[in-house]
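A short worksheet on the structure shown next.
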Amino acid sequence: MVYKFARRGFPCNPYELERLYKYCVNPHVPLRDHIAAFMLLIEMQSFAQHLDTSLQDRTMRLLLDDPAYRDILNPITRPEDMAFVERLHIPARYLRTKDDGTTALRVMHAPDPKKPFDLEQLAQYALIYGRPGLENTWQGIAVDFAYRMHWRTLFGFALCRALCANSAGKTTLYGADIEIRQVHVPDDQVQNFSDDDAICVLIHNRIPPDWVDHAYTYGVVYLEQQFHQPTMSLDIFRDVDDKRLQRLSVYGPPPAIPHWDGWREISEEDRYRLLFKRADKVAAQIDTEG
């Protein structure tokens with residue numbers, strides 16, 4: 001019933017926001033739906049608060065500025081309330097029982113470094129642990145308000161992650177047929193890393209030019225994010241963006257690889273993991289307040 005008022009996960013205009021809010025504060029609404037509506041609203045608040053004001057739409061500004069929306073009464077008064085929601089909303093196939101008898105989601109493993117281009121696994125992990133609104137947002141990945149992720153930005157993130165080392169001289173093998181020699185650039189040497197150096201890394205690892213073109217959207221999103229947060233390398237990013245605009249005027253946008261383009265739709269498991277994460281967070285806040 002909740003998603004009747006937020007068909008894409010979040011309210012997308014002031015009208016949908018008002019309807020969801022009225023449903024949330026209606027005393028005749030079942031507890032589980034009351035809590036679910038409340039969680040949608042506070043999740044959107046958290047999301048909007050971490051965006052630069054220039055990127056907030058009318059619905060976000062209304063949600064953050066109007067006291068009625070900002071001070072919504074929390075319907076969750078006991079940790080048992082969240083257990084009630086989890087039990088009714090999350091199918092058993094996504095859950096496991098811990099040794100102490102409590103319920104938790106099935107373990108989500110970090111992306112396998114031996115499968116650097118398993119974009120589905122990368123997307124699932126980034127959605128739960130690196131999405132906008134969290135302290136550790138994964139830079140360069142485009143995520144819309146329905147939590148869809150753009151495949152080109154996921155590919156660009158995976159390509160950079162595969163090529164960049166965590167320690168100097170590190171070489172990582174990926175499977176039996178592919179060897180990627182990673183590059184390490186100390187922070188104090190970033191300004192000395194030239195276009196020729198980057199090209200040498202790509203050539204040495206036999207990265208096709210169409211892969212580089214396909215990663216273009218990742219680069220644009222990454223640059224945009226840097227311009228909306230404090231960074232020591234802003235002059236470098238401005239120079240890169242100026243060169244990007246010059247090349248666009250001459251050559252146009254780099255083409256995508258058709259089969260790796262478009263948006264990744266959020267899965268059923270993704271929705272339940274997000275719900276469970278929010279439930280755990282709210283329950284922890286109740287324990288602290290108690």
Side-chain angles (χ1 to χ4, degrees), residues 2-21 36-37 39-65 69 108 111 117-161 214-229 253-278 281:
V2 173
Y3 292 97
K4 175 182 179 181
F5 309 108
R7 296 183 183 277
R8 299 191 64 190
F10 285 141
C12 295
N13 55 57
Y15 174 67
E16 290 185 359
L17 176 62
E18 181 182 8
R19 294 186 70 201
L20 181 62
Y21 169 76
M39 290 170 63
L40 278 179
L41 290 171
I42 61 174
E43 180 72 12
M44 186 171 178
Q45 284 180 340
S46 174
F47 190 102
Q49 286 169 349
H50 287 79
L51 285 178
D52 187 271
T53 53
S54 64
L55 301 177
Q56 294 170 355
D57 61 15
R58 290 181 302 153
T59 309
M60 291 180 177
R61 289 195 294 270
L62 184 62
L63 181 62
L64 295 176
D65 296 340
Y69 297 128
M108 172 179 280
F117 296 104
D118 185 346
L119 301 188
E120 179 62 28
Q121 185 188 33
L122 178 68
Q124 288 182 326
Y125 197 83
L127 179 64
I128 302 303
Y129 297 107
R131 68 184 184 278
L134 301 180
E135 293 183 3
N136 185 29
T137 299
W138 289 16
Q139 300 290 297
I141 298 178
V143 186
D144 69 7
F145 299 137
Y147 286 135
R148 299 186 307 167
M149 293 183 169
H150 202 280
W151 286 115
R152 288 184 73 173
T153 64
L154 286 164
F155 178 84
F157 182 92
L159 180 61
C160 289
R161 191 167 179 260
H214 189 69
Y216 169 74
T217 308
Y218 162 78
V220 172
V221 174
Y222 185 91
L223 278 175
E224 188 273 332
Q225 290 172 332
Q226 303 313 305
F227 286 132
H228 288 90
Q229 63 185 18
I257 299 173
H259 295 299
W260 297 349
D261 199 8
W263 291 88
R264 174 194 180 269
E265 299 289 341
I266 187 172
S267 69
E268 180 186 56
E269 182 176 356
D270 292 336
R271 287 197 294 270
Y272 288 127
R273 284 190 177 277
L274 289 170
L275 175 63
F276 201 97
K277 280 290 182 183
R278 172 55 68 179
K281 182 177 180 180

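Keep in mind that this is a model prediction, so the values were computed, not measured. In what follows, residues are counted from 1 in the order of the sequence shown.
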The test is side chain to side chain contact (heavy atoms under 4.5 Å, CB included); show your working for Leu159 and Phe117 and say whether it passes. CA-CA 8 Å; Leu159 180 61; Phe117 296 104; 3.9 Å; yes
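- In this structure, Leu17 and Leu41 have side chains that are in contact, with non-hydrogen atoms separated by less than 4.5 Å.
- Considering CG of Asp57 and CG of Leu62, their distance stands at 10.0 Å, rounded to 0.5 Å.
- Ala215 and Gly156 get closest at one heavy-atom pair: CB-CA, 3.7 Å.
- Atom CZ of Arg161 sits about 11.5 Å away from atom CG of Leu154, to the nearest 0.5 Å.
- Surrounding OH of Tyr129 are more than 12 heavy atoms belonging to other residues, nucleotides or ligands, all under 6.0 Å away.
- Separating the CD1 atom in Ile141 from the CD atom in Gln225 is a distance of 9.0 Å, to the nearest 0.5 Å.
- The side-chain contact (heavy atoms from CB on, under 4.5 Å) search around Glu120 returns Asp118, Gln124, Trp151, Arg264, not counting sequence neighbours.
- Glu18 is linked by a salt bridge (charged side-chain N to carboxylate O under 4.0 Å, His left out) to Lys22, counting only residues two or more places apart in sequence or in another chain.
- The aromatic rings of Trp138 and Phe157 sit parallel, their planes meeting at an angle under 30°, below the 60° perpendicular limit.
- Between Tyr147 and Asp270 the shortest side-chain heavy-atom distance does not fall below 4.5 Å.
- The shortest non-hydrogen separation linking Gly140 to Thr153 is O-CB, 3.3 Å.
- Without hydrogens or angle criteria, Arg58 side chain to Pro14 main chain gives no donor-acceptor distance under 3.5 Å.
- Rounding to the nearest 0.5 Å places CG of Leu127 at 11.0 Å from CZ of Arg271.
- For the atom pair OH of Tyr69 and CG of Leu20, the computed distance is 9.5 Å after rounding to the nearest 0.5 Å.
- The side-chain contact (heavy atoms from CB on, under 4.5 Å) check on Glu265 picks up Arg148, with sequence neighbours excluded.
- Judged purely by atom type and a 3.5 angstrom limit, Arg152 uses its side chain to pair as donor or acceptor with the backbone of His214.
- Contact of the Arg131 side chain with the Leu274 side chain is registered, since non-hydrogen atoms from C-beta on lie closer than 4.5 Å.
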Under the criterion side chain to side chain contact (heavy atoms under 4.5 Å, CB included), I'd like the reasoning laid out for Asp261 against His150: C-alpha separation, chi angles, the key distance, then a yes or no. CA-CA 7 Å; Asp261 199 8; His150 202 280; 3.3 Å; yes
